[in-house]
Structure formats: C-alpha cells, structure tokens
Amino acid sequence: QLHISDLIKRIKDDGVTEIILATNASVEGESTALYIQKQLKQSKLEDVKITRLARGLPIGVDLEYADQITLSHALNGRREL
C-alpha cells in the first residue's frame, strides 16, 4: 500500500532534496516511518535529507498524562533558551 518504488522514482525524477516523514505518533506510525526510512536509504539517495516532524508535549498538557514515548521525543528535541 505504500508504493515505495513509485516514491523513489518521483524523488529521483523531481530532484527532491528533503523528505519529511509525517506519520502518526503511534506504534504503527513509527514502524511505517522506520520502514520508509530504511527503504529510502537502501535506494542510495545520498543527496536526499530524510527528516521527521518534531514531536513532544503540546502547550497546556499536564505532565502526568504524558506517555513515555512522548516524553522521550520531547527531551530529544529540546532547545536551549
């Protein structure tokens, strides 16, 4: 259902320089993003940058309701003030 070969062809034909993976923040979304990333790297697209959307804690959320994965992504994406 992902049509990876079509995606790779389009990347090459259109001169894409960055791919932003925007999947759901769920186990399925994470698995899909990792699979796509692996397929793209195996296709030897050296000049193509592969990134993910930032994830973390939304403003106004009580920390006691945040799950471990969300907290982990929030910590990894932190910035100095």
Side-chain angles (χ1 to χ4, degrees):
Q1 292 179 344
L2 295 176
H3 305 283
I4 299 294
S5 59
D6 293 337
L7 174 63
I8 292 168
K9 182 181 181 326
R10 186 170 180 187
I11 292 167
K12 290 177 180 178
D13 291 349
D14 293 349
V16 172
T17 58
E18 181 177 7
I19 299 196
I20 303 170
L21 298 176
T23 58
N24 290 331
S26 64
V27 174
E28 293 84 6
E30 292 291 322
S31 297
T32 301
L34 289 173
Y35 177 77
I36 293 170
Q37 177 185 12
K38 182 179 176 183
Q39 296 300 310
L40 292 175
K41 286 188 176 190
Q42 288 178 352
S43 297
K44 299 182 173 121
L45 300 168
E46 292 90 13
D47 296 334
V48 178
K49 183 178 184 181
I50 303 170
T51 60
R52 295 282 315 262
L53 289 178
R55 293 175 304 243
L57 299 170
I59 294 174
V61 169
D62 196 326
L63 286 178
E64 73 179 278
Y65 300 114
D67 63 281
Q68 186 176 3
I69 293 173
T70 301
L71 285 173
S72 174
H73 286 299
L75 285 169
N76 288 334
R78 68 188 183 279
R79 300 179 305 199
E80 188 172 337
L81 298 176

- Item | Spacing of Ile11 atom CD1 and Ser43 atom OG [to the nearest 0.5 Å] | 7.5 Å
- Task: Examine distances only and state if a side-chain atom of Ser72 and a backbone atom of Gln68 form a donor-acceptor pair shorter than 3.5 Å.
- Result: no
- Within-4.5 Å side-chain heavy-atom neighbours: Leu7 and His3: no
- Message: As an exercise, state the distance from CD1 of Ile20 to CG of Leu53, rounded to the nearest 0.5 Å.
- Response: 6.5 Å
- Partners passing side-chain contact (heavy atoms from CB on, under 4.5 Å) against Arg10 (at least two apart in sequence or in another chain): Asp14
- Item | Residues that Thr23 engages under side chain to side chain donor-acceptor pair (under 3.5 Å), provided they are two or more places apart | Arg52
- Smallest heavy-atom separation, Thr51 atom then Glu18 atom, equals OG1-OE2, 2.9 Å
- 4.5 Å side-chain heavy-atom contact, Ile19 and Leu40: yes
- Message: I need the minimum non-hydrogen distance between Ile8 and Gln39, along with the two atoms involved.
- Response: CD1-O, 4.2 Å
- Output the distance between atom CG (Asn24) and atom OG1 (Thr32), rounded to the nearest 0.5 Å. 8.5 Å
- Message: Run the side-chain contact (heavy atoms from CB on, under 4.5 Å) test against Lys44 and tell me which residues pass, sequence neighbours left out.
- Response: Glu46
- Item | For Asp62, all residues meeting salt bridge (Lys or Arg N to Asp or Glu O under 4.0 Å), sequence neighbours excluded | none
- Message: Is it the case that atom CG in Leu71 sees more than 12 heavy atoms from other parts of the structure closer than 6.0 Å?
- Response: yes
- Query: From Arg78 CZ over to His73 NE2, what is the distance, rounded to the nearest 0.5 angstrom?
  - Reply: 14.0 Å
- Message: Under the rule for salt bridge (Lys or Arg N to Asp or Glu O under 4.0 Å), what residues qualify as partners of Asp47, not counting sequence neighbours?
- Response: none
- Over all heavy atoms of both residues, which pair between Ala33 and Leu21 is shortest? Give the atoms and the distance, please. O-CD1, 3.6 Å
- Would you say Lys38 and Leu34 make side-chain contact, with heavy atoms under 4.5 Å? no
- Task: Please name all residues satisfying side-chain contact (heavy atoms from CB on, under 4.5 Å) with Lys9, sequence neighbours left out, ordered by chain then number.
- Result: Asp13
